[in-house]
Amino acid sequence: MTHPRHTIIPPYLLRHLAESADDSVAARAESTLRVDQTFRSDRRAVAAQATFRPTAITVAAAPNREISTAKNARRLPGTVVRREGEAATGDAAADEAYDGFGATWALFHDVYGRNSIDGAGMTLAGTVHYDKGYDNAFWNGERMVFGDGDGEIFGRFTASLEVIGHELTHGVTESTAGLIYQGQPGALNEHVSDVFGVLVKQHSLGQDATTADWLVGADLLLPGVAGVAIRSMISPGTAYDDPRLGKDPQPDHMSDFVTTSDDNGGVHINSGIPNRAFALAARAIGGQAWTAAGQIWFDVLTGADITARTDFATFARLTVAAAAARFGSDSAQHDAVRDGWVTVGVQLDAQVDAAPSEPPAGADAELLLRRTGGLAGLVKERRTTLDELPAKDAKRWSKLLTSDTLQSLSGGNPAVDGFCYRVACEALSVDVTVPEHQLSESQRNLFKRTLHQGDQ
């Protein structure tokens with residue numbers, strides 16, 4: 001079985017960087033996007049079967065870490081530089097990854113009784129110094145992989161403890177709830193990773209819910225960037241407003257829910273809504289967020305009632321029920337969780353589903369190619385006609401648009417933090433969204449060329 005690749009930088013961020021007037025910034029963003037496109041995997045939606053048991057560990061459990069370096073190449077796993085129990089290497093990236101793995105393991109084990117991210121003592125493997133100027137970090141189902149950043153917008157990705165926790169939590173979700181990476185379940189998948197990512201940081205630093213910053217990726221942005229992080233859980237939509245990155249698009253209330261076919265239905269965007277609900281609940285409860293609010297979310301994530309297609313309203317009701325089960329229906333924890341969801345506009349007494357989006361159609365005979373997704377949620381698009389394309393590419397597009405190929409490719413589940421392409425041609429009655437991993441190598445290259453030709 002292949003695994004989805006979970007990246008930390010959403011596609012809309014990389015898109016803004018790729019369109020930067022600074023050639024070096026744009027080139028590195030494009031390079032990162034091209035590297036990301038080489039990973040193909042299938043997303044298997046699995047309903048949750050696990051049940052929370054706070055003292056379920058019956059064998060001795062201890063972290064088992066292995067850090068390698070890719071030496072700025074693109075080959076995995078790279079050369080091992082540090083194993084469990086060995087001394088620090090002096091390489092900041094390698095040592096930060098090692099420490100971050102330990103902090104993540106400690107949160108899940110010491111607080112929630114889980115033996116590594118799979119519950120069975122999985123080795124935490126990582127590769128640092130991946131590629132040159134790579135603006136991302138990802139979990140591929142087997143290991144964490146870290147870029148060093150471009151040195152202008154992003155620094156090294158090992159520097160952010162919550163980013164490490166975020167990506168490893170994708171592995172926890174994959175082995176428990178199996179939330180599909182589309183629409184509201186996909187936004188919950190991102191939300192859960194943000195929750196436990198920031199809890200890893202708070203637990204490691206001994207912070208309480210009131211004094212914690214509730215930022216995701218606060219240590220990624222370099223001086224000169226107009227922003228504080230890539231996401232803010234307590235105040236979605238305020239993390240950055242930079243000419244190169246654009247404006248943080250996350251809503252903080254269901255009234256501003258973004259209905260879109262981009263970014264797998266807005267998984268990186270709409271996660272701001274449940275993120276704020278959690279942060280508000282944790283602050284209202286007070287104290288250390290991992291002991292009450294985090295415990296409630298963990299109970300739901302690993303419980304028997306969550307499914308792969310759970311939406312916001314269902315997840316909210318499950319957390320309210322979990323708070324009552326663990327702390328009592330008249331407890332402050334129960335009231336805080338309920339109030340958090342009410343504040344962000346999630347209804348607790350009825351099923352709430354986002355209406356399907358109807359993307360705008362293009363002009364007659366116009367081809368729209370739009371790439372969305374990726375951890376950064378960046379968007380890149382081009383509107384063109386076949387006559388404007390090179391003859392060979394025009395022929396290939398004509399074949400795709402007049403056959404049922406694109407329609408047949410559009411049915412698969414998107415990969416977590418992977419790219420999706422929307423292809424629309426009103427004149428030929430085509431409007432489909434295709435996950436990148438469904439494309440063949442030649443199709444992927446065609447799509448890439450078509451987008452990049454628009455930059456010339």
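Here CZ of Arg449 is found 12.0 Å from CZ of Arg444. Values are rounded to the nearest 0.5 Å. Interatomic distance, His268 NE2 to Ile230 CD1, rounded to the nearest 0.5 Å: 8.5 Å. Taken to the nearest 0.5 Å, the OH atom of Tyr181 stands 6.5 Å off from the CG atom of Asn189. Here the CG atom belonging to Leu168 is positioned 5.5 Å from the CD1 atom belonging to Ile117, to the nearest 0.5 angstrom. Atoms CZ and CZ, from Arg371 and Phe447 in turn, are 12.0 Å apart once rounded to the nearest 0.5 Å. The CG atom of Leu215 sits 10.0 Å away from the CD1 atom of Ile234 when rounded to the nearest 0.5 Å.
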Subject >> side chain to side chain contact (heavy atoms under 4.5 Å, CB included) between Val346 and Phe257, intermediate numbers included >> reply: CA-CA 10 Å; Val346 174; Phe257 185 95; over 6 Å; no
**OP:** Test Ser116 against Trp105 for side chain to side chain contact (heavy atoms under 4.5 Å, CB included), laying out the working first.
**Re:** CA-CA 6 Å; Ser116 194; Trp105 188 94; 4.0 Å; yes
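Checked against a 6.0 Å centroid threshold, the rings of Phe138 and Phe146 do not count as neighbours. Taking the ring centroids of His203 and Trp290, they lie under the 6.0 Å cut-off.
For Asp131 (side chain) and Tyr134 (main-chain N/O), no donor-acceptor pair under 3.5 Å exists by modelled atom type. For Thr89 (side chain) and Asp91 (main-chain N/O), a donor-acceptor pair under 3.5 Å exists by modelled atom type. Here the side chain of Ser271 pairs no donor or acceptor atom with the backbone of His191 at under 3.5 angstrom. Checked by atom type and distance alone, the side chain of Ser193 pairs as donor or acceptor with a backbone atom of His166 at under 3.5 Å. Side chain of Lys399 to backbone of Thr405: no donor-acceptor contact under 3.5 angstrom is found. One N or O on the side chain of Asp248 and one on the backbone of Ala239 form a donor-acceptor pair closer than 3.5 Å. Between the side chain of Asp242 and the backbone N or O of Ala226 there is at least one donor-acceptor pair closer than 3.5 Å. Proximity of a side-chain donor or acceptor of Glu167 to a complementary backbone N or O of Ile164 within less than 3.5 Å is not detected. For the pair Asp95 (side chain) and Gly90 (backbone), a donor-acceptor distance under 3.5 Å is present. A donor-acceptor pair under 3.5 Å is absent between the side-chain atoms of Asp256 and the main chain of Pro251, judged by distance alone.
For the pair Arg82 and Tyr98, the cation sits on the ring face: its NZ or CZ lies under 6.0 Å from the ring centre, inside 45° of the axis.
Here the shortest heavy-atom pairing between Val300 and Ile306 reads O-CG2, 3.4 Å. In plain terms, the two heavy atoms of Arg422 and Ser261 that are nearest each other are CD-OG, 4.0 Å. In this structure, Thr291 and Gln288 approach most closely via the heavy-atom pair OG1-O, 2.8 Å. Between Tyr240 and Gly246, the closest heavy-atom pair is CD1-O, 3.2 Å. The heavy-atom pair separating Ala218 from Lys201 by the smallest distance is CB-NZ, 4.4 Å. Among all heavy-atom pairs drawn from His170 and Trp139, the shortest one is CB-CD1, 4.3 Å.
Ser235 and Thr238 share a side-chain donor-acceptor pair at under 3.5 Å. For the residue pair Trp397 / Thr450, a side-chain donor-acceptor distance below 3.5 Å is found, with atom types taken as modelled. If you check the side chains of His109 and Asn115, you find no donor sitting under 3.5 Å from an acceptor. Between the side chains of Arg114 and Ser175, at least one donor N or O sits under 3.5 Å from an acceptor N or O. With 3.5 Å as the limit, one finds no donor-acceptor pair spanning the side chains of Ser442 and Asn445. Judged by distance alone, the side chains of Thr123 and Asn64 do bring a donor and an acceptor atom under 3.5 Å apart. For the 3.5 Å distance criterion, the side chains of Thr384 and Glu388 qualify, holding a donor opposite an acceptor. For the residue pair Trp341/Thr319, the side-chain donor-acceptor check at 3.5 Å is satisfied.
In this structure, the side-chain hydrogen bond (donor to acceptor under 3.5 Å, both in side chains) partners of Thr127, at least two apart in sequence or on a different chain, are Arg143. Considering only residues two or more places apart in sequence or on other chains, Arg370 meets the side-chain hydrogen bond (donor to acceptor under 3.5 Å, both in side chains) condition with Asp262, Glu381. Evaluation of the side chain to side chain contact (heavy atoms under 4.5 Å, CB included) rule for Pro236 yields Gln250, Asp252, Arg276 as partners, not counting sequence neighbours. For Thr210, the side-chain hydrogen bond (donor to acceptor under 3.5 Å, both in side chains) test picks out no residue, with sequence neighbours left out. Glu86 meets the side-chain hydrogen bond (donor to acceptor under 3.5 Å, both in side chains) test with no other residue; sequence neighbours excluded.
Between Leu220 and Val163 there is a side-chain heavy-atom pair separated by less than 4.5 Å. Looking at Cys420 and Thr433, their side chains come closer than 4.5 Å, going by heavy atoms from C-beta outward. Inter-residue side-chain proximity for Val200 and Thr169 is flagged as unmet; no heavy-atom pair is nearer than 4.5 Å. Using a 4.5 Å heavy-atom cutoff, the side chains of Ile273 and His253 are not in contact. Within the 4.5 Å cutoff, side-chain heavy atoms of Leu451 are placed close to those of Tyr421. Taking the side chain as every heavy atom from C-beta outward, Phe419 and Thr372 never approach each other to under 4.5 Å. Contact check for Met233 versus Val216: side-chain heavy atoms found under the 4.5 Å cut-off. The side-chain heavy atoms of Val80 and Ile67, taken from C-beta on, include no pair separated by under 4.5 Å.
Just one of Leu367, Leu368, Leu409 meets the side-chain contact (heavy atoms from CB on, under 4.5 Å) condition when paired with Val423; it is Leu367.
In this structure, Phe298 and Phe108 have tilted ring planes: the angle between them lies in the 30° to 60° band.
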Name the atoms and distances for all side-chain donor-acceptor pairs under 3.5 Å in residues 147-158, with sequence neighbours left out.
residue, atom, partner, partner atom, Å
Asp148, OD1, His129, ND1, 2.9
Asp148, OD2, Asn72, ND2, 3.0
Asp148, OD2, His129, ND1, 3.1
Asp150, OD1, Glu152, N, 2.7
Asp150, OD1, Ile153, N, 2.6
Asp150, OD1, Phe154, N, 3.1
Glu152, OE1, Ser24, OG, 3.4
Glu152, OE2, Ser24, OG, 2.7
Glu152, OE2, Arg28, NH1, 2.7
Arg156, NE, Glu96, OE1, 2.8
Arg156, NE, Glu96, OE2, 3.3
Arg156, NH2, Glu96, OE2, 2.8
Thr158, OG1, Glu96, OE1, 2.7

